[in-house]
2 protein chains.
Amino acid sequence: MSDISREAVDRMTRLIGDPEKAECKVNRLRSLTIELDEAELESEAEIFRALADPCRLKILSLLREGELCACEIMVGVDRPQSSTSHHLSILRDAGLIKERKDGRWSRYRLAEGAVIEILNLVKILKDASVEG
Amino acid sequence: MSDISREAVDRMTRLIGDPEKAECKVNRLRSLTIELDEAELESEAEIFRALADPCRLKILSLLREGELCACEIMVGVDRPQSSTSHHLSILRDAGLIKERKDGRWSRYRLAEGAVIEILNLVKILKDASVEG
DNA sequence: CATCTATATCCATCTATTTCGATATATAAG
DNA sequence: CTTATATATCGAAATAGATGGATATAGATG
């Protein structure tokens with residue numbers, strides 16, 4: 001049992017009163033997160049990390065137009081070539097965009113699936129939290 | 001006109017041939033991102049940054065149970081108090097959770113709206129990209 | 001007012017990420 | 001084989017983020 005766990009039971013006992021119920025509550029709270037797969041959480045976090053950059057959001061927005069090559073994207077986002085390439089690799093590794101090699105060009109497009117829906121939902125969430 | 005812009009027109013000219021059409025294409029690509037509001041992109045990125053951490057994803061998962069105080073959340077995620085508090089403030093500032101002061105307790109709950117839907121969509125996206 | 005306790009903030013350290021020039025790789029073409 | 005060009009990768013500096021112990025704040029209670 002970790003130090004935090006020991007402290008946890010103390011805290012819960014103070015909060016609830018009955019030490020037995022307290023330990024029960026600690027166990028219930030713990031079980032909620034212990035069920036979660038760490039690797040799965042990490043790969044979900046990776047997707048959000050990929051989305052957590054204004055330049056990469058710009059790239060995704062550009063790709064709503066359809067497939068573009070790296071060089072066109074570089075123009076669209078107005079960044080140096082190496083930066084653009086780096087951002088593209090992060091989006092690709094996270095599974096948000098797909099790459100297709102075509103001669104000396106790398107052509108990128110949005111991954112099938114939920115990418116656009118996520119972007120739309122975040123817009124909704126943001127607007128709601130600005131109002132509230 | 002920035003260095004990148006100048007280089008951009010050169011690149012597009014090589015890509016397309018006709019310099020006039022090239023400049024036109026550069027302008028069209030640029031217009032797609034210039035329309036985007038930098039501040040808006042930044043606040044969307046902030047939401048994604050807040051989601052981009054396994055511990056914070058755990059917290060959101062815990063809060064699907066309903067309102068919890070900081071001390072219960074600390075137990076659930078098994079982290080020191082200062083870390084937990086820090087993560088909570090990031091989620092709060094991003095508008096993903098709401099805080100309610102109740103005596104010496106701070107009680108947190110999921111913000112109304114799209115939080116859960118976003119988490120669900122990311123799960124779908126992740127599963128799709130694992131298959132593909 | 002003194003004490004207890006839940007939470008927030010401070011601070012220093014560590015680690016991860018961004019940035020972009022320079023360089024490498026790879027494809028096309030002469 | 002040489003040159004040109006699209007893209008990726010490297011490397012080093014700058015910035016941002018996480019972590020957790022120590023301390024401050026603030027409400028509750030005696």
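Each chain gets a letter, A, B and so on, in the order its sequence line appears, and its residues count up from 1. Everything numeric here is computed off the predicted structure, so don't read it as measured data.
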N or O in side chain of [X] less than 4.0 angstrom from [N] OP1/OP2:
X         : N       : result
Arg14(A)  : dC4(C)  : no
Arg104(A) : dT25(C) : no
Arg49(B)  : dA16(D) : no
Ser82(B)  : dG20(D) : no
Ser83(B)  : dG20(D) : yes
Tyr108(B) : dA6(C)  : no
Ser106(A) : dA8(D)  : yes

N-O pairing of [X] and [Y] below 4.0 Å:
X        : Y        : answer
Lys21(A) : Glu23(A) : no
Glu20(A) : Lys25(A) : no
Arg28(A) : Glu65(B) : yes

Just compare [options] and give me whichever is closest to any side-chain atom of [X].
X        : options                 : answer
Cys69(B) : dG20(D), dT7(C), dT7(D) : dT7(C)
Pro80(A) : dG21(C), dA8(D), dT5(C) : dG21(C)
Arg79(A) : dT7(C), dT19(C), dA8(D) : dT19(C)

Base, sugar-phosphate, or nothing: which does [X] touch, judged by heavy atoms less than 4.0 Å apart?
X        : answer
Ile90(A) : sugar-phosphate
Cys55(B) : nothing
His87(B) : sugar-phosphate
Arg56(B) : sugar-phosphate
Glu72(A) : nothing

Whole-Å distance separating the [atom1] atom of [X] from the [atom2] atom of [N]:
X         : N       : atom1 : atom2 : answer
Leu51(B)  : dA18(D) : CG    : C1'   : 17 Å
Leu91(A)  : dT7(D)  : CG    : P     : 16 Å
Phe48(A)  : dT17(C) : CZ    : P     : 16 Å
Arg92(B)  : dA8(C)  : CZ    : C1'   : 9 Å
Asp78(B)  : dT19(D) : CG    : P     : 13 Å
Trp105(B) : dC4(C)  : CH2   : P     : 16 Å
Asp102(B) : dG27(D) : CG    : P     : 12 Å
His86(A)  : dT9(D)  : NE2   : P     : 10 Å

Nearest-nucleotide comparison on DNA chain C, the residue closer to the 5′ end among Leu88(B) and Gly103(A) |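 The residue closer to the strand's 5' end, by nearest nucleotide, is Leu88(B).
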
CZ on Arg92(B) to OH on Tyr108(B), rounded to 0.5 Å =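 Rounded to the nearest 0.5 Å, the OH-CZ separation comes out at 5.0 Å.
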
Please name the pair of heavy atoms, one in Asp78(A) and one in Arg30(B), separated by the smallest distance, quoted to 0.1 Å.
->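 What the structure gives for the nearest pair is OD1-NH2, 3.3 Å.
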
Does any nucleotide pair with dG17(D) by Watson-Crick or G-U wobble geometry, both distances under 3.5 Å, and what is it?
->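 Pairing partner: dC14(C).
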
Derivation and outcome, side chain to side chain contact (heavy atoms under 4.5 Å, CB included), residues Arg107(B) and Glu99(B) = CA-CA 6 Å; Arg107(B) 304 199 184 273; Glu99(B) 186 181 8; over 6 Å; no

Considering only heavy atoms and no angle criterion, is a donor-acceptor pair shorter than 3.5 Å present between the side chain of Gln81(A) and the base of dA8(D)?
->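 Indeed, a donor on one side and an acceptor on the other fall under 3.5 Å apart.
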
